[in-house]
Amino acid sequence: MTTPDPIFVDPRLARLYDAFDDDRGDLDLYLGLAERFDARTVLDVGCGTGVLALLLAGRGLHVTGLDPAAASLEVARAKPGAGAVTWVEGGAEAVAGLGLAVDLATMTGNVAQVFGTDADWARALAAVRGALRPGGRLVFETRVPARQAWLGWTHENKSASRDIPGVGPVEMWTDLLEVALPLVTFRHSYRFPPGMLPDGDVVTSVSTLRFRERDEFEASLAAAGFQVDEVLDAPDRPGLEWVFVARRV
């Protein structure tokens, strides 16, 4: 089981996530694919604070949002319309006990890259396949390793500040810690207003992502009982990401 990063499990950071990730144009592709496939039931794996799950539910789909981070789910459950989504706390392995047979499963953002070992990724794919009806689709995105996205994960290139209701101004920046391909490790730091936190003004979260090549994904999907129908370009990051559309066979 993959352990979620502090940015998702620390309530102080989970409540900041949407403010610093406020441009979700990346989700338009998933909404369009759900419509194109005439999906009525969706499993959102690694749903986080529930942005995609709520958009889909708002269109009348039956959505299950799955995430191992309780703090992120708490944020999701507090949003308008959250009662229309079934929220489940747990990793991909928790799917087996839900009795699902959905039309579409999604993994947005970095979800597909948090599975650092081949064994973890294979278990996740097996669990998702078991939750799909025959012919149902899995859609996920992943960064193209050759484009070296991590080169921009520095304090100079990736920093921002937001005024958080009930908190005040919060500054965020990123530092690249290690590139040991296929793994890349980086740290997010958040500076809160002085005196707000009992243990210092800065809270950090270290993350490691796995950068797999296209043929690795294709082989792993085939081994898990999927057929890759398409590999799309991410409209919000042209040339930087692959979006896999795989069908349960």
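Residues Val170 and Pro193 approach most closely at CG2-CD, 4.3 Å, considering heavy atoms. Scanning all heavy atoms of the two residues, the minimum distance from Pro238 to Pro235 falls at CD-O, 3.4 Å. Annotation for Ala105 and Val128: closest pair CB-CG1, 3.6 Å, computed over non-hydrogen atoms.
Using modelled atom types, one side-chain atom of Thr41 and one backbone atom of Asp103 make a donor-acceptor pair closer than 3.5 Å. Without hydrogens or angle criteria, Ser72 side chain to Phe8 main chain gives a donor-acceptor distance under 3.5 Å. The main-chain N or O of Gly225 is found under 3.5 Å from a side-chain atom of Arg129 such that the two form a donor-acceptor pair. Side-chain N or O atoms of Asp175 include none that pairs as donor or acceptor with a backbone N or O of Arg187 at under 3.5 Å. A distance-only check finds no donor-acceptor pair linking the side chain of Gln113 to the backbone of Asn110 [under 3.5 Å]. Judged by distance alone, with hydrogens and angles left aside, the side-chain atoms of Asp120 form no donor-acceptor pair with the main-chain N or O of Phe115 at under 3.5 Å. Asp236 contributes no side-chain N or O that, together with a main-chain N or O of Gly25, makes up a donor-acceptor pair within less than 3.5 Å.
Arg162 pairs by the side-chain hydrogen bond (donor to acceptor under 3.5 Å, both in side chains) definition with nothing, not counting sequence neighbours. For Thr49, the side-chain hydrogen bond (donor to acceptor under 3.5 Å, both in side chains) criterion is met by Asp18, not counting sequence neighbours. Legend: residues meeting salt bridge (charged side-chain N to carboxylate O under 4.0 Å, His left out) with Arg212, ordered by chain and number and at least two apart, are Asp118. Contacts of Arg147 classified as side chain to side chain contact (heavy atoms under 4.5 Å, CB included), with partners at least two apart in sequence or in another chain: Val144, Leu240.
The other members of the hydrophobic cluster of Trp173, by chain and number, are Val202 (side-chain heavy atoms under 4.5 Å, ILVMFWY only). Val243 belongs to a hydrophobic cluster with Leu27, Leu29, Tyr30, Leu31, Leu33, Phe37, Val42, Val51, Leu52, Leu54, Leu55, Leu56, Leu61, Val63, Leu73, Val85, Trp87, Leu104, Val139, Leu232, Val245, counting contacts under 4.5 Å between side-chain heavy atoms of Ile, Leu, Val, Met, Phe, Trp and Tyr, direct or through other members.
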Worksheet entry | CA sep, side-chain torsions, deciding dist, call: Asp26, Arg24, salt bridge (Lys or Arg N to Asp or Glu O under 4.0 Å) | CA-CA 5 Å; Asp26 60 304; Arg24 297 312 307 267; 3.0 Å; yes
Fill in: Stepwise side-chain contact (heavy atoms from CB on, under 4.5 Å) check, Val167 with Met196
CA-CA 8 Å; Val167 176; Met196 172 159 286; 3.4 Å; yes
Worksheet entry | Working for ring-ring contact (aromatic ring centres under 6.0 Å, His included), residues Trp121 and Phe140 | CA-CA 13 Å; Trp121 176 236; Phe140 66 88; 5.5 Å; yes
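Expressed to the nearest 0.5 Å, how far CG of Leu43 lies from OG1 of Thr86 amounts to 10.5 Å. Atom CH2 of residue Trp150 and atom NZ of residue Lys158 lie 15.0 Å apart, to the nearest 0.5 angstrom. Here the CG-CG distance, from Leu125 to Leu138, works out to 6.5 Å after rounding to the nearest 0.5 Å. Arg137 contributes atom CZ, which lies 10.5 Å from atom CG of Leu132 (distance to the nearest 0.5 angstrom).
Aromatic pair Phe244/Phe226: centroids not less than 6.0 angstrom apart.
Using a 3.5 Å distance cut-off with no hydrogens or angles, the side chains of Ser207 and Asp5 do pair a donor with an acceptor. Remark: the Ser205 side chain and the His188 side chain contain no N/O donor-acceptor pair separated by less than 3.5 Å.
Screening Thr154, Leu209, Val179 against Phe186 for a side-chain contact (heavy atoms from CB on, under 4.5 Å) leaves a single residue, Leu209.
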